[in-house]
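Input: a single structure, listed below in structure tokens.
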Amino acid sequence: MFIKLYNTLITVLYPLVIKRYIKKRLANGKEDKNRFNERIGRPTLKRPDGKLIWLHGASVGESVSMLPLIQKILETYSDAHVMVTTGTVTSADVMNKRLPERAFHQFIPIDNPFFTTRFVKHWQPNVALWFESEFWPAMLSSIRRKNIPLILINGRISNKSFKRWQQFDFVCKELLSCFSLCLGQSEEDAYRLQVLGAANTMCLGNLKYAGLPLPIDQDKKAAILKQIGKRTFWLASSTHNDEEVRLAKMHKRLKEKFPGLLTLIAPRHPQRGAEIKTAIENLGLKAALRSIDEKITPTTDIYIADTIGEMGIWYNIAKIVFIGGSLIPHGGQNFMEPSRVRDAVIVGPYMHNFTDAMNRAKKADAIIQVNDTEEMQEILEQLLSNKELLEAKCSLAYNWANSEAKVLDGIMDKVKGYI
């Protein structure tokens, strides 16, 4: 009943309200003008012959976590193609660079029953794999009407979302009824999905543990290392607003003990690069922006890596990595990627987006958690001055990440039953 009411309401509101909102997104560069037809369910590509496996993720994080499973699917089914849908321009750019042969990207249609029905009718996927917990009623109902198996992968229900959904349990139960199988990121997520009405739930682990190595441009890597020379350096990755200033102030203190120290900062949102540079230079430090090809010179204090698709380089050259979004109540970012390339990983106090992963990493002594930049400074001083300690922390992180990668096989075994 809810989905029918939703579809009716969306159909009525689209020309009156939603269309204006979409025009505003187009004007602000949040939609790809050249590919906007995809957003109204009018694909420009033909459906490939053979099996078509459809994977959907909201944005960059979800789409990157798909890559190991995509590779596994294509290895298992030589006649299959994979379609990946996302909703953001940034995620489309990342996918277009990283998708293998026989895989392609499309934008997810706006959640209007006319658009979603047109989309599903054109592509006719054999199975749909939905990543995490972005539930769009019009699209889910369009999939169900065509009797397409729909599997929730890496389903995540935060404590806040769980409490909110419980107030509208009849809505959630109807949405979850569209899924043939729900795989939670953790046992807690699987339990919450079951409580909210999912009929078939289980936990096989978090697919983010099984990520593929990030791509590295060796020529760019060599050029960066040449600019850095023999300087001591470390990396702050996926930083958010306010964290960069705190880290820059810490850099000033660290320089007293490590003259010539270089801090690399790769912000979560690269478009903030110029803003970050201004804030850092207001502290009396010298910063350089990668996006405008500024070089690392002997006097550069902080190098801002405000580009997309180069994180593999930074994780590869750094041995100490701080994961942003964790000094502020954002909840942290993916810390498994640097662990997989043998980096010592530091996080702040706010890592509630990765509670299960953090618990497992802590048990393996594979993560260093600090409460503030004062504690982080102490840890950095130890790691930068003690090679044996640094190597031990790198090994612990790497061994843990390797042991967790087995989740991929379990998920693939379940998916096979629906293809």
Side-chain angles (χ1 to χ4, degrees), residues 214 216 221 224-225 227-240 243-267 280 285 296 300-305 311-328 332-351 354 357-404:
L214 295 173
I216 300 171
K221 173 187 168 182
I224 292 162
L225 287 174
Q227 291 175 39
I228 293 174
K230 295 183 179 180
R231 293 178 66 180
T232 300
F233 68 97
W234 68 288
L235 168 67
S237 164
S238 298
T239 57
H240 289 247
E243 289 183 314
E244 295 91 3
V245 169
R246 296 193 209 181
L247 296 171
K249 290 177 179 177
M250 183 183 68
H251 174 92
K252 290 184 76 172
R253 300 193 299 269
L254 279 168
K255 273 184 67 178
E256 296 175 8
K257 186 168 183 178
F258 302 96
L261 178 69
L262 174 68
T263 295
L264 307 176
I265 292 181
I280 288 171
L285 296 168
I296 300 171
T300 302
D301 289 296
I302 295 177
Y303 186 63
I304 303 166
M311 193 57 70
I313 297 174
W314 313 123
Y315 285 156
N316 187 265
I317 66 173
K319 297 311 298 175
I320 305 171
V321 178
F322 164 72
I323 299 297
S326 62
L327 284 176
I328 58 173
Q333 302 293 159
N334 187 344
F335 67 90
M336 281 74 86
E337 288 177 339
S339 299
R340 281 192 290 269
V341 292
R342 208 183 182 89
D343 292 336
V345 183
I346 305 170
V347 297
Y350 301 104
M351 285 296 292
F354 298 87
M358 281 294 296
N359 289 338
R360 295 161 80 101
K362 282 181 177 179
K363 285 180 182 178
D365 196 19
I367 194 83
I368 305 167
Q369 188 165 32
V370 298
N371 289 312
D372 48 41
T373 52
E374 284 72 24
E375 282 189 22
M376 196 193 310
Q377 180 180 336
E378 292 179 16
I379 294 295
L380 282 168
E381 287 179 358
Q382 294 173 27
L383 294 175
L384 291 171
S385 58
N386 188 331
K387 289 184 179 180
E388 289 184 2
L389 175 63
L390 175 57
E391 178 56 30
K393 289 298 182 183
C394 289
S395 295
L396 286 166
Y398 177 76
N399 292 339
W400 169 76
N402 255 8
S403 68
E404 292 292 339

Problem set entry | side-chain contact (heavy atoms from CB on, under 4.5 Å) evaluation trace for Val345 with Lys393 | CA-CA 8 Å; Val345 183; Lys393 289 298 182 183; over 6 Å; no

Exercise. Side chain of Glu243, backbone of Ser326: donor and acceptor closer than 3.5 Å?
Worked result: yes

Problem set entry | Interatomic spacing from NZ in Lys221 to CD1 in Ile216 - rounded to 0.5 Å | 6.0 Å

Problem set entry | Side-chain touch Gln333/Val347, heavy atoms, less than 4.5 angstrom | no

Problem set entry | Within-4.5 Å side-chain heavy-atom neighbours: Ile304 and Ile280 | yes

For this session: Please round to the nearest 0.5 Å and tell me the distance separating atom CD of Glu378 and atom CG of Leu383.
Result: 12.0 Å

For this session: With rounding to the nearest 0.5 Å, note down the distance linking CD1 in Ile368 to CD1 in Ile323.
Result: 12.0 Å

Problem set entry | Point-to-point distance, once rounded to the nearest 0.5 Å, from NZ of Lys255 to OG1 of Thr263 | 9.5 Å

Exercise. Which pair of non-hydrogen atoms, one from Leu285 and one from Ala248, has the smallest distance, and what is that distance?
Worked result: CD1-O, 3.5 Å

Exercise. Is it the case that more than 12 heavy atoms not belonging to Phe258 sit under 6.0 Å from its CZ atom?
Worked result: yes

Exercise. Side chains of Ser237 and Ile265: does their closest heavy-atom pair fall under 4.5 Å?
Worked result: no

For this session: Please answer whether the main-chain N or O of Ile296 pairs with a side-chain N or O of Gln227 as donor and acceptor at a distance below 3.5 Å.
Result: yes

Exercise. Would a 4.5 Å heavy-atom cut-off, applied to side chains only, mark Phe233 and Ile317 as touching?
Worked result: yes

For this session: Please tell me if the side chains of Met376 and Leu247 come closer than 4.5 Å, counting only heavy atoms from C-beta onward.
Result: yes

Problem set entry | Flag side-chain contact, heavy atom, 4.5 Å: Lys363 against Trp400 | no

For this session: Tell me, with the steps shown, if Met358 and Phe335 meet side-chain contact (heavy atoms from CB on, under 4.5 Å).
Result: CA-CA 9 Å; Met358 281 294 296; Phe335 67 90; 3.8 Å; yes

Exercise. Going by atom types alone, do Glu391 and Ser395 pair a side-chain donor with an acceptor below 3.5 Å?
Worked result: yes

Exercise. Are any of the side-chain heavy atoms of Leu380 and Ile346 separated by less than 4.5 Å?
Worked result: yes

Exercise. From Glu375 CD over to Met250 CE, what is the distance, rounded to the nearest 0.5 angstrom?
Worked result: 12.0 Å

Exercise. Do Arg231 side-chain atoms and Gly260 backbone N/O form a donor-acceptor pair below 3.5 Å?
Worked result: yes

Exercise. Donor-acceptor pair, Asn334 side chain versus Met336 backbone, under 3.5 Å?
Worked result: yes

Exercise. If every non-hydrogen atom of Leu261 is compared with every non-hydrogen atom of His251, which pair is closest and at what distance?
Worked result: O-CE1, 3.2 Å

For this session: Can you measure from CD (Glu374) to CD (Gln377) and round to the nearest 0.5 angstrom?
Result: 7.5 Å

Exercise. Can you list the steps and then say if Lys319 with Leu390 is a side-chain contact (heavy atoms from CB on, under 4.5 Å)?
Worked result: CA-CA 8 Å; Lys319 297 311 298 175; Leu390 175 57; 4.1 Å; yes

Exercise. How close do Trp314 and Ala266 get, heavy atom to heavy atom, and via which atoms?
Worked result: CD1-CB, 4.4 Å

Exercise. Taking all atoms of both residues into account, what is the closest heavy-atom pair of Glu244 and Pro267, and its distance?
Worked result: OE2-CB, 4.1 Å

For this session: Dump the intermediate steps for side-chain contact (heavy atoms from CB on, under 4.5 Å) on Ile228 and Tyr303, then the final yes or no.
Result: CA-CA 10 Å; Ile228 293 174; Tyr303 186 63; over 6 Å; no

For this session: Locate the shortest heavy-atom distance separating Gly332 from Met351; write the atom from each residue and the value.
Result: CA-SD, 3.5 Å

Seminar exercise, completed: Of all heavy-atom pairs linking Cys394 and Ala344, the shortest is SG-N, 3.5 Å

